[in-house]
Amino acid sequence: MIIWECIEAKGYLSAGVRGELSEPIKAELDRHVLDCSDCRGELELIEKLFVLRPATPLQLPLEIKKAVRLEFFEAETSYWRKLLPAAAVTTLLVSASLLDKVLFLPDISLLEQDFFVNVWPSEDYDLAGSLVLDDFSEESLNLLFEEIK
Amino acid sequence: MAEVNIPKRKSDEVLVRMVYSGKLAAMDTLIDRYYSLCFGICMAVLKDYDDASDACQNCFVNVFKNIGKFRGDGNFRSWVLTIARNESFSVLRQSKNRRENVYEKMEPALRSREDVPREVFLRIESSQVREVVETLPDKQRLAIKLRIDEGLSFKEIGQIIGSSEGASRVNYHHGIGKLKELLGA
């Protein structure tokens, strides 16, 4: 059997009132309180104080969960909302560039409609960019001479 | 040190890690675990039902908004206590001018049906105690409420009232002593 001093017993009183003590400790405390008027008086006072504790509102946990979810959802939405203008501008630019390619093709001669036409690779500005005549068919050469005239 | 019966359950740290990985159910479990304690602290500081509910709600919003700042090796309970304290004192500063006697709004909690006759008897006697408690200095009143209502350790009480573990123990015992003296207990 444990012999408790009052100072030790008093340390358990509030936990005892809240029903948080294990059976052996509670039994020991009850035994001490029965024999000790000072601790008994303090226990009664603590019981009265404990009754005064406010009840937690029943809806509170639900309200908290709702508020937390709302905060999380808003945080997530606002993140995507921040990216929205950038996404819109990018889409607009890509669309505009595609439209430009499709609708505004350069006005070129029949000869130049071949996108893969070979040009003379040279550092001389007069020659650079000149068509490579060797690869041209006779018909193309005739067309070219016609244009030069 | 009081011996407490704790059923086996997931630790706070495990739940926090689950929240990190986006599991909302873990967030709910943490709220269920701590809302009552959080409300008790807010109520002890604010003495107003609505203010305490708001502060408690804000506390959890801030807890999860800043969950990234919580270090896994820390104590989640202690972190919640600190945020609850800060929220309460922030609301208290805002509503200092409209403090009223809120105990009329309060419904004392009953634990179970079997407790009713004893609880009713205690409630009648407690109305006298309530008035006397209100005459205590704030630190002593808070120490008593947090210790008895919420079962906080003296270290945790010190964290809330802004004093050392020893000082909060002294505040509690002085408060109890004063109540015994005033009530002739």
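Per chain, numbering begins at 1; letters A, B, ... match sequence-line order. FYI, side chains are in, hydrogens and waters are out, and symmetry mates aren't considered; it's all heavy atoms of this structure.
If you measure heavy-atom distances from B:Tyr172 to chain A, the contacts under 4.5 Å come from the side chain alone. The part of B:Ile144 that comes within reach of chain A is its side chain, from C-beta onward, which places non-hydrogen atoms under 4.5 angstrom from that chain. Contact of A:Lys10 with chain B is made through the side chain alone, with heavy-atom distances under 4.5 Å.
When hydrophobic clusters are built by joining Ile, Leu, Val, Met, Phe, Trp and Tyr residues whose side-chain heavy atoms come closer than 4.5 Å, directly or via intermediates, B:Val133 is grouped together with B:Leu92. Using a 4.5 Å cut-off between side-chain heavy atoms of Ile, Leu, Val, Met, Phe, Trp and Tyr, with links allowed through other members, B:Leu136 and B:Val170 fall into different hydrophobic clusters. Grouping the Ile, Leu, Val, Met, Phe, Trp and Tyr side chains by contacts below 4.5 angstrom, directly or via other members, places B:Phe89 with B:Trp79. Using a 4.5 Å cut-off between side-chain heavy atoms of Ile, Leu, Val, Met, Phe, Trp and Tyr, with links allowed through other members, B:Leu37 and A:Leu62 fall into different hydrophobic clusters.
Counting heavy atoms from C-beta on, the side chains of A:Leu49 and B:Leu179 come closer than 4.5 Å. Side-chain contact check for A:Thr56 versus B:Met43: every heavy-atom pair is 4.5 Å or farther apart. Proximity of B:Cys59 to A:Ile64: side-chain heavy atoms (C-beta onward) are nowhere separated by under 4.5 Å.
The shortest heavy-atom contact between A:Pro61 and B:Ile31 is O-CG2, 4.3 Å. Minimum interatomic distance between B:Arg147 and A:Gly11 (heavy atoms only, all atoms of both residues): NH2-O, 3.4 Å.
For the atom pair CG of B:Leu152 and OG of A:Ser14, the computed distance is 10.0 Å after rounding to the nearest 0.5 Å. Distance check: A:Lys65 NZ to B:Phe64 CZ gives 10.0 Å after rounding to the nearest 0.5 Å. Taking NZ from A:Lys48 and CG from B:Leu183, the interatomic distance works out to 7.0 Å, rounded to the nearest 0.5 Å.
Without hydrogens or angle criteria, A:Arg18 side chain to B:Ile148 main chain gives a donor-acceptor distance under 3.5 Å.
Listed by chain and residue number, B:Thr82 satisfy the side chain to side chain contact (heavy atoms under 4.5 Å, CB included) test with B:Asn86 (two or more places apart in sequence, or in another chain).
Heavy-atom pairs under 4.5 Å with chain A peak, among B:Leu24, B:Asp149, B:Asn62, at B:Asp149. Heavy-atom pairs under 4.5 Å with chain A were tallied for B:Arg169, B:His173, B:Glu150, B:Lys65; the largest tally goes to B:Lys65.
Counting non-hydrogen atoms of other residues, nucleotides and ligands closer than 6.0 Å to CG of A:Leu93 gives a total above 12. Residue B:Glu165 places its CD atom among more than 12 non-hydrogen atoms of other residues, nucleotides or ligands, all under 6.0 Å distant. Summarising the local packing, CG of A:Leu58 is surrounded by 12 or fewer heavy atoms from other residues, nucleotides or ligands at distances under 6.0 Å.
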Stepwise, does the side-chain contact (heavy atoms from CB on, under 4.5 Å) test hold for B:Asp28 with A:Arg69?
CA-CA 10 Å; B:Asp28 288 351; A:Arg69 275 178 166 70; 2.9 Å; yes

